[in-house]
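Down below is the structure, laid out as C-alpha cells.
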Amino acid sequence: MAFRFNFSIDESENYEPDTQDKTDLQLCSPKHKQEPTEKSKQTAESVADSSPRLGTDKQRDETPSKKKFCFKAAKEHDIPEDLNKILENKVMETVSGLYYINVSVVEMTCLDGADGEGIVSKSVSSRSDLIPGVYEGGLKIWECTFDLIDYFSEAEIQFTNKTVLDLGCGAGLLGIVALRGGAEKVHFQDYNSTVIDEITLPNTVANCINEGNRMGSGDNRKISKPPSKRPKKADCLPDVLAKCRFFSGEWSEVSQLLLSSNKPFSKYDIILTSETIYNPDYYSVLHDTLAQLLDKNGRVYLASKVHYFGVGGGIHLFEKFVVERNVFRTSIVKIIDEGLQRCIMEMAFKDSS
Ligand code: SAM
C-alpha cells in the first residue's frame, strides 16, 4: 500500500500518545489530532515531492512552548549479522544517486506485523504523516533532504575523516552521503525504532552492498546503472558499515545514552538534520541536543521549510530561539524558492573557530 498523508493539526483536540514506550505521563503536550483530509497516493517515484502538507494554516503562538515534549526511551540498534535478512522482501529504488528501499512495500510488511511500534497502522488510521510523540514522519523521505544533498555538492562540504550525526534521519540519505564522502563514522538517529529497523538500516546496507568500494572513498558521483529491484547478496559485513551506529528515541534520551555510554564517544564534527524544526515544542530539546553533541569547532547543517503551515514551526522562529539562547551563531546559507520556500542554515558555536 502506498500513501501520502497530510499534516493537519487541530489543536483543540487531544491525540492520545503511545503508551508503549512512555514512562512519564505528562508527555506530548500539546496533543494533536489529525483532521480528516483527503488521502492521496504516494508512489515510490514521488519521494522528492513528499513535503508535509498542512491542511489548515492555524499558527501557534509565536513563542516556542515550554510544555513537556514527548518521551521515548533511547536504544541502540545492532547491525544484524545476516545482512541479506535485512534486505529480504525489500524492493530497491534510486534517487539522487542513492539506493533506498521502496516504502510502500515496507508499509505492507509492517501492516502484516513487522512493526512493533504500530506506527504504520496508526499513521494510516489517523491519516497523518506525523503523530506527535508517536510517529515523527521518518518513514518517508522529505524534500529538504534533497536540498541539503544538493547543498553538499554546491558548497563542497568535506566529509573525509569527519564524525557525522544524521539527526532525525528517517531514510538516512544524508548520513549515507556522508559515508560515501569518506566520513570516519556516521551515526543515525530517528525517533521511531521501526524507522531505524525497516528503513534506515536497510537503506544503509543497500548502499554499502551495492556501492562496494565506492562507499567511503569520497567519490560522490551519481549511480550510473539502473538499480536492480532486488538488492545484491552480501557475503560479509562491508567495512564501511562498521563505521555506522543506529539509535532510536527522543533526542534528549539519545544524547544521554551517547554521553553516558561505556563505548568511547567523541563529539560530532558535523550534524546534519532535515525537516526537524516543524514543532516549536521540540526546539529546546533539539537545541540542547545539538549543544551537547557537537564538537566545539563543529558545524550543523539544518534544512527546513521556511514555515510549516498548521504546525507553527519554521526557520525564523527557530533562528530567533537559537539567538535568544546565545550559544550558537547561525547563518542562512541557501534559500530555495521553488514551491514552498525552504532554506539551509549553518550553525556553529559562538566561540568556535
Ligand atoms: N530527516 C528526514 C527527512 O528529511 O526525510 C526525516 C524528517 S521527519 C519529518 C522528522 C524526523 O525528526 C523524524 O524522522 C524523527 O525521527 C525526528 N524527530 C522529530 N522530533 C523528534 C524528537 N522530539 N526526538 C527525536 N527525534 C525527533
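Just so you know, ligand 1 is whichever comes first in the structure, and atom 1 is the first atom listed for that ligand.
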For Arg325, give me all partners under salt bridge (charged side-chain N to carboxylate O under 4.0 Å, His left out), at least two apart in sequence or on another chain.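 Asp288.
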Hey, does [Y] have a side-chain heavy atom less than 4.5 Å from the side chain of [X]?
X: Val186; Y: Thr204; result: no
X: Phe318; Y: Thr330; result: no
X: Glu198; Y: Lys90; result: yes

Check each of [options] against [atom] and report the one with the nearest heavy atom.
atom: atom 12 (O) of ligand 1; options: Thr276, Leu130, Asp281; result: Thr276
atom: atom 5 (O) of ligand 1; options: Trp142, Tyr308, Tyr135; result: Trp142
atom: atom 2 (C) of ligand 1; options: Gly175, Gly168, Ala74; result: Gly168

Could you list which atoms of ligand 1 come closer than 4.0 Å to a heavy atom of [X]?
X: Glu250; answer: 24 (N), 25 (C)
X: Thr145; answer: 3 (C), 4 (O), 5 (O)
X: Lys140; answer: 5 (O)
X: Tyr278; answer: 9 (C), 10 (C), 19 (C), 20 (N)
X: Gly138; answer: 14 (O)
X: Asp190; answer: 13 (C), 14 (O), 15 (C), 16 (O)
X: Ser274; answer: 1 (N), 2 (C), 3 (C), 4 (O), 7 (C)

Picking from Lys305, Glu136, His307, what satisfies side-chain hydrogen bond (donor to acceptor under 3.5 Å, both in side chains) with Tyr278? Glu136
Does ligand 1 have any atom that is closer than 4.0 Å to a heavy atom of [X]?
X: Glu253; answer: no
X: Gly249; answer: yes
X: Gln189; answer: yes
X: Cys169; answer: yes

Over all heavy atoms of both residues, which pair between Val164 and Ala178 is shortest? Give the atoms and the distance, please.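 Heavy-atom minimum between the residues: CG1-CB, 3.9 Å.
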With no hydrogens and no angle check, just 3.5 Å: does a side-chain donor-acceptor pair link His77 and Ser193? no
Quick one about Asp269 and Thr163 (side-chain donor to acceptor, distance below 3.5 Å, no hydrogens or angles considered), yes or no?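 Yes, Asp269 and Thr163 have a side-chain donor paired with an acceptor closer than 3.5 Å.
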Return yes if some donor-acceptor pair links the side-chain N/O of Asp295 with the main-chain N/O of Lys267 below 3.5 Å, else return no. no
Taking both backbone and side-chain atoms of Asn192, is any N or O found less than 3.5 Å from an N or O belonging to ligand 1? no
Looking only at heavy atoms, is any part of Tyr282 under 4.0 Å from ligand 1, and if so is it the side chain, the backbone, or both, or is it neither?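 Contact part for Tyr282 vs ligand 1: side chain (C-beta onward).
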Test salt bridge (Lys or Arg N to Asp or Glu O under 4.0 Å) on Glu253 and Lys75 and set out the steps. CA-CA 9 Å; Glu253 295 293 315; Lys75 169 180 156 189; over 6 Å; no
